[in-house]
K.L.:
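Okay, handing you the structure first.
Since we're looking at a predicted model, the values are computed, not measured. Within every chain, numbering begins at 1; the chains are lettered A, B, ... in the order of the sequence lines, protein sequences first and strands thereafter.
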Amino acid sequence: MSKLTRHIETFGALLLAVIWISPLVFAFWAAFHTTSDAVNFNVTAPWTLDNFRTAWAGAPWLRYFLNTFILVTVILIGQFILTTLAGFAFAKVTFPGRDFLFILVLMQLFILPEVLIVENYAMVSRLGLFDTILGVGMPYMASAFGIFLMRQAFKGVPMELHEAARVEGCGWFGILWRVYVPLARPTYLAYALVSVSTHWNNFLWPLIVTNSPETRPLTVGLSIFGAPENGVDISVISAATMMSVAPLLIAFLVFQRQFVQAFLRAGIK
Amino acid sequence: MADHVNLERRRQAIYGWLLLAPAGILLTTFAFYPSLSTFWSSLFSRGTRRRPSEFVGGENYADLFADPTFWKVVTNNLLYAGVTIPVSIAIALSMALWANSKIPARGFVRTAYFTPTVLPMIAAANLWLFFYTPGLGVLDQIGSLFGLPSVNWLGQPETALWAVIIVTIWKEAGFFMIFYLAALQTIPEDLKEAADIEGASRWTYTRRIVLPLLMPTTLFIMVNALINSVKLIDHLFILTKGGPNDASKLILYYIWEMAFAFFDAPHAAAMTIMVLVVLGVVAAIKFSYLDKRTHYQ
């Protein structure tokens, strides 16, 4: 009996896995076949790279890749600096109003930047950052989530190390830089993976703030390329989709363990 | 001595505020101030060239409450939340239980479950377009094998929202699985041994021991899923654009449309405020009630 249920469960798990991965597999397969072969499920049809050639010629992908790359880098650097400083203040400095401020920061976890698109659009325009990569990145830099994460990481650092560095003559900044930052390296790595994959995939806000190929990230470029008005066929869309997810997907498959651990570390603490 | 302590305290305060200043300025600029100004602008009429905007109080809200589209969108979003939250949690839980048990090809199974998480929603929508397209799509092809007629999944009001819901579940279940997986690995082995000695079946063990121990994780995931049910709308831009006849339109998409397609910022602001109030209630419940059980310190 229990052997039978075991088999049924294994079957269920595998079936679900196959269903879960199938959209990706179909699109991958379609990307390498002509449209008529793809929609007719002509399994023996020859493979072709034509869809990629057509897709590549149809939009400034290289520019989009570059924009996305710059965007995630700018956001990550901004987040590292701001959340390190703020996280340290919340973890190790005592000053009046700290708890109140921390609650304010936690509130921001629920005031999603996505919901405030209208006013943030006005704000970015007022600052003269409309249609700039900095404008896309700015609202995400002071991430409440990141501040929370860094605070947790810094809290775990023993006070003895702090005191020892102080006796050695380190100032506040020196202690932060030489003691806390190196010890929190796993947290930084985890946060970096989560941040990069979030912003690589972000769409709504960049759609609103960008208005030209020079600033547009991949996701927005992909949505414009695939829009029905453009009449691009399904194999070419699949090719374009594969192209734009390839870097992150390959990175994920190679560093799967780190990725999963990163999401865990970021979520659980 | 007292002077010295006082000086040190004052110095700490200055350091604290200096360290917080950069993050504080950005949070104020892009979260706190916009929240307040959204509220403020939701109280004014939309200015036109002839009639400058003027204070109208709750009129924008009253307009929305009288707008059938608004109610349609709210109903849609409630259904969207009401289906995606429990279903993706249930799937995530079974995924985690399976991915944690000794089954063959466990590595493949885990990877397959988690992969959608690293894809952009836009790409996910493109992949699913291939399934939903009438006549040519995978679903129709499978249906035609069984002699079923072609269905325009995205083009008819009865199915459009469901098609969108399925993509969301597909995208987020694997993400939630990870949290369950982590929680499962913290359950001590002796509990399983004790259950075995007592002769409890695997089902009883799962229901009476594992599920209660996973409760805090479930609550955490629930809050995340709730936020996602407001936030995850990117695929609408590809799949349905909220149509047909607003059948698959969700609140955030409607806010976007109101502000950037109809250029009606005041009504968009009024809707934003309502969403913020709902999120605020969720936040209050989470911080006052749930965090008493799960400690962050």
K.L.:
Of all heavy-atom pairs between Ile103(B) and Ala13(A), which one has the smallest distance, and what is that distance?
P.N.:
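In this case the closest contact between Ile103(B) and Ala13(A) is CD1-CB, 3.7 Å.
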K.L.:
Identify which part of Ser22(A) has an atom lying under 4.5 Å from any heavy atom of chain B, answering side chain, backbone, both or neither.
P.N.:
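Answer is both: backbone and side chain atoms of Ser22(A) are under 4.5 Å from chain B.
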K.L.:
I'd like to know if the side chain of Trp170(B) reaches the main chain of Trp20(A), judged simply by a donor and an acceptor atom lying under 3.5 Å from each other, with no hydrogens or angles considered.
P.N.:
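The answer is yes, because a donor-acceptor pair under 3.5 Å joins these two groups.
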K.L.:
Counting C-beta onward and ignoring hydrogens, is there a side-chain heavy-atom pair between Leu127(B) and Met242(A) closer than 4.5 Å?
P.N.:
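In short, these two side chains touch, coming nearer than 4.5 Å.
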K.L.:
With a 4.5 angstrom heavy-atom cut-off, is it the side chain or the backbone of Leu104(A) that approaches chain B, or both, or neither?
P.N.:
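Both parts, backbone and side chain.
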K.L.:
Given that the side chain runs from C-beta out, which part of Phe173(A) has a heavy atom under 4.5 Å from chain B: side chain, backbone, both or neither?
P.N.:
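Answer is neither: Phe173(A) stays 4.5 Å or more from chain B.
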K.L.:
Run the numbers on Gln12(B) and Thr94(A) for side-chain hydrogen bond (donor to acceptor under 3.5 Å, both in side chains), then give the verdict.
P.N.:
CA-CA 6 Å; Gln12(B) 286 232 9; Thr94(A) 36; 3.1 Å; yes
K.L.:
To the nearest 0.5 Å, what is the distance between OH (Tyr121(A)) and CZ (Phe260(B))?
P.N.:
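With rounding to 0.5 Å, OH (Tyr121(A)) is 6.0 Å from CZ (Phe260(B)).
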K.L.:
Measure the OG1-CD1 distance between Thr219(A) and Ile238(B) for me, rounded to the nearest 0.5 Å.
P.N.:
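Answer rounded to 0.5 Å: 10.0 Å.
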K.L.:
With a 4.5 angstrom heavy-atom cut-off, which part of Leu106(A) approaches chain B: side chain, backbone, both or neither?
P.N.:
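Looking at Leu106(A), backbone and side chain both touch chain B.
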K.L.:
Once the angle between the rings of Trp172(A) and Tyr15(B) is folded into 0 to 90°, is it parallel (under 30°), tilted (30 to 60°) or perpendicular (over 60°)?
P.N.:
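Rings of Trp172(A) and Tyr15(B): tilted, as their planes differ by 30° to 60°.
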K.L.:
Out of Asn202(A), Asn120(A), Val245(A), return the one with the most heavy atom pairs under 4.5 angstrom to chain B.
P.N.:
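Heavy-atom pairs under 4.5 Å are most numerous for Asn120(A).
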K.L.:
Can you confirm whether Tyr205(B) is buried at OH, in the sense that more than 12 heavy atoms of other residues, nucleotides or ligands lie under 6.0 Å from that atom?
P.N.:
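Yes, the 6.0 Å shell around OH holds more than 12 heavy atoms from other groups.
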K.L.:
With a 4.5 angstrom heavy-atom cut-off, is it the side chain or the backbone of Ser244(A) that approaches chain B, or both, or neither?
P.N.:
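Interface part for Ser244(A): neither.
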K.L.:
Tell me, side chain or backbone of Ile103(A) under 4.5 Å from chain B's heavy atoms, or both, or neither?
P.N.:
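Neither part.
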K.L.:
So for Phe252(A), is it side chain, backbone, both, or neither that comes closer than 4.5 Å to the heavy atoms of chain B?
P.N.:
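Just the side chain, heavy atoms under 4.5 Å.
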K.L.:
Just verifying a value: how many Å separate Ile122(B) CD1 and Asn201(A) CG, rounded to the nearest 0.5 Å?
P.N.:
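One finds 10.0 Å between CD1 of Ile122(B) and CG of Asn201(A).
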K.L.:
Would Ser37(B) and Glu119(A) count as having a side-chain donor-acceptor pair, cut-off 3.5 Å?
P.N.:
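The criterion, which ignores hydrogens and geometry beyond distance, is satisfied for Glu119(A) and Ser37(B).
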